[in-house]
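Following: one structure in structure tokens, then a few remarks.
Heavy-atom basis, side chains included; hydrogens, waters and symmetry copies ignored.
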Amino acid sequence: MNYRLLGTTALQVSEVGLGLWAIGGDAWGPVDDQASLAAIQRAWELGVNFFDTADVYGHGHSEELLGRFLKTVPRDQVLVATKVGLWRGNRPNPYNDPRLIIADCEASLKRLGTDFIDVYQKHVSWDENTDVFATAFRQLKEQGKVRCVGLSSNDLAAVRRFNQVIGGLDTLQLDYSLLNRQPEKETLPSCQQHGIGVIARGPLAMGKLTGKFTPASTFPDGDIRRGWLEGASRERFVHDLESVEQLRFLAEGRTLTQAALAYVLAQPAVSTTIPGAKNPEQVAENVQAVERPLRPDELVRIRKVLAPSNSLFARLVRWGRAALR
């Protein structure tokens, strides 16, 4: 495993971390707790030290499972990231008092079985109640319950406002992958300029970049990806699969999964990427991506295959115009 500084913090994070949304059990289809714990353990054995969860994943279950693991290892050698902002509902943002955020942090600490969180993140993409979150985050830092604070968002304007209000974000978690290169335009350079550590989520585009899906693929009950199979979402799904097929050349001496992770890690602004995994085998495949970096000629070819007209933003604009016709 290789390690990078998380922005201008003193934290050395594994290039490949582990995202723990799926193990919550409420959004990605069937999941087994023992397999989830085995996946976390295997990640640790392979050098992963950064684990990202959220209070809302499985309504606390993901944090509880990570907490069970934390009891078995030295706490000061593990970096725990979690999020706040969705537990109490969606719009309008109900977090209108810093005490609510502090109470949710206390609940996360209890589920995790720890007295501090390494990276505490605002888990919303809109820009409401920024001052409330900033006040709570500052208090939590002062109390030693939180080491670093961050935001999970792809909205650069919201990032800039929160960075200004809080007096300096430590981290930004954003969606970034071969199928969503939009952050390369402004967000990643801005983070690098301001020393904000980037946590890249969605590096496998929710599984599309593993190469295992086809237009005939189906998803079980309880899997949020079932929504891909209807209406305009199906058109996007099929288009993305066509793009993935054009990337098959990357799967020489590595899997397509590893190539997708290697692409994200080739971006110097990225500190760590957090693919999800439900079992130890998936973890092992993900971690091996650090051993198979992309060559310069492969990066050039990728940019030719995924021209700007194929970017996520451009596709959304095109589909939006079509919907208006």
Side-chain angles (χ1 to χ4, degrees), residues 1-5 12-20 22 28 35 38-52 174-184 188 198-217 225 237-308 310-312:
M1 178 58 67
N2 302 320
Y3 301 85
R4 301 181 183 184
L5 273 174
Q12 290 275 355
V13 295
S14 51
E15 287 185 337
V16 175
L18 182 58
L20 300 177
W28 293 78
I40 297 173
Q41 179 63 36
R42 185 58 177 150
W44 171 252
E45 293 168 354
L46 293 174
V48 172
N49 72 347
F50 187 82
F51 299 86
D52 179 85
L174 49 67
D175 182 76
Y176 176 50
S177 72
L178 277 164
L179 293 178
N180 179 18
R181 294 179 53 205
Q182 189 64 21
E184 295 174 7
L188 291 175
V198 173
I199 303 163
R201 63 177 175 84
L204 301 178
M206 301 177 78
K208 293 174 187 173
L209 284 163
T210 65
K212 65 183 180 182
F213 297 146
T214 72
S217 293
R225 293 171 294 185
F237 178 46
V238 172
H239 186 281
D240 283 343
L241 294 184
E242 292 171 351
S243 296
V244 172
E245 287 305 309
Q246 296 181 69
L247 296 169
R248 291 283 180 184
F249 70 91
L250 294 171
E252 296 181 7
R254 63 169 82 88
T255 67
L256 195 54
T257 292
Q258 291 161 354
L261 296 175
Y263 178 79
V264 170
L265 292 173
Q267 167 57 247
V270 171
S271 296
T272 184
T273 186
I274 49 170
K278 290 183 178 181
N279 57 60
E281 292 74 25
Q282 291 174 343
V283 167
E285 180 181 9
N286 293 343
V287 168
Q288 289 172 13
V290 302
E291 303 171 7
R292 298 173 172 84
L294 297 179
R295 302 187 308 270
D297 63 294
E298 291 176 315
L299 290 169
V300 170
R301 189 172 174 186
I302 286 170
R303 292 175 182 124
K304 289 181 179 179
V305 170
L306 298 180
N310 285 336
S311 72
L312 175 66

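Minimum heavy-atom separation, Ala39 to Ala277: CB-O, 4.5 Å. Scanning both residues, Pro280 and Ala35, for their nearest heavy atoms gives CD-O, 4.1 Å. When every heavy atom of Gly202 is checked against every heavy atom of Asp175, the shortest pair comes out as CA-OD1, 3.7 Å. Contact between Leu179 and Ser243 at its shortest, heavy atoms only, is CD2-CB, 3.8 Å.
Put simply, the side chain of Asn49 gets close to the backbone of Gln12: a donor and an acceptor are under 3.5 Å apart. The closest donor-acceptor contact from the side chain of Asp52 to the backbone of Gly17 lies at 3.5 Å or more, if one exists at all. With hydrogens and angles disregarded, a donor-acceptor distance shorter than 3.5 Å links the side chain of Thr273 to the backbone of Ala200. Judged by distance alone, with hydrogens and angles left aside, the side-chain atoms of Lys278 form a donor-acceptor pair with the main-chain N or O of Trp28 at under 3.5 Å. The closest donor-acceptor contact from the side chain of Arg292 to the backbone of Gly253 lies under 3.5 Å. For the pair Ser271 (side chain) and Arg4 (backbone), a donor-acceptor distance under 3.5 Å is absent. Within the 3.5 Å criterion, the main-chain N or O of Leu250 finds a donor-acceptor partner in the side chain of Arg254. Without hydrogens or angle criteria, Arg201 side chain to Pro275 main chain gives no donor-acceptor distance under 3.5 Å.
The shortest side-chain heavy-atom distance between Glu184 and Tyr176 falls under the 4.5 Å cut-off. Between Leu188 and Leu174 the shortest side-chain heavy-atom distance falls below 4.5 Å. Residues Leu306 and Leu178 meet the side-chain proximity criterion, which asks for heavy atoms closer than 4.5 Å. When side chains are defined from C-beta on, Thr272 does not count as touching Leu265, because their heavy atoms never get closer than 4.5 Å. Counting heavy atoms from C-beta outward, Glu245 and Glu242 have side chains that stay 4.5 Å or more apart. Considering only heavy atoms from C-beta on, Arg181 comes within 4.5 Å of Arg303 through its side chain. Using a 4.5 Å cut-off on side-chain heavy atoms (C-beta onward), Ile40 and Val283 make no contact. Residues Ser177 and Leu209 are in side-chain contact: their nearest non-hydrogen atoms beyond the backbone lie under 4.5 Å apart.
When each of Leu261, Thr210, Val244 is checked for a side-chain contact (heavy atoms from CB on, under 4.5 Å) with Leu256, only Val244 meets the rule.
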Q. Please walk me through it: do Leu18 and Asn286 pass side-chain contact (heavy atoms from CB on, under 4.5 Å)?
A. CA-CA 9 Å; Leu18 182 58; Asn286 293 343; 5.6 Å; no
Q) Given the rule in the side-chain contact (heavy atoms from CB on, under 4.5 Å) test, do Met1 and Val290 qualify, once you have shown the distances and angles that lead to the verdict? A) CA-CA 7 Å; Met1 178 58 67; Val290 302; 4.1 Å; yes
(Q) Does Thr257 form a side-chain contact (heavy atoms from CB on, under 4.5 Å) with Glu285? I'd like the steps, not just the answer. (A) CA-CA 8 Å; Thr257 292; Glu285 180 181 9; 3.5 Å; yes
Q.
As a quick check of understanding, evaluate side-chain contact (heavy atoms from CB on, under 4.5 Å) for Val13 and Tyr3, giving each step before the final call.
A. CA-CA 5 Å; Val13 295; Tyr3 301 85; 6.0 Å; no
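One distance of note links CZ of Phe50 with CD1 of Ile274; it measures 6.5 Å at 0.5 Å rounding. Remark: Ser14 OG to Phe51 CZ distance equals 7.0 Å, nearest 0.5 Å. To the nearest 0.5 Å, the span separating CZ on Phe237 from CZ on Arg225 amounts to 9.0 Å.
With hydrogens and angles left out, the side-chain atoms of Tyr263 and Glu298 include no donor and acceptor closer than 3.5 Å.
Geometric assessment of Arg301 against the ring of Phe249 yields a positive cation-pi assignment under the 6.0 Å and 45° thresholds.
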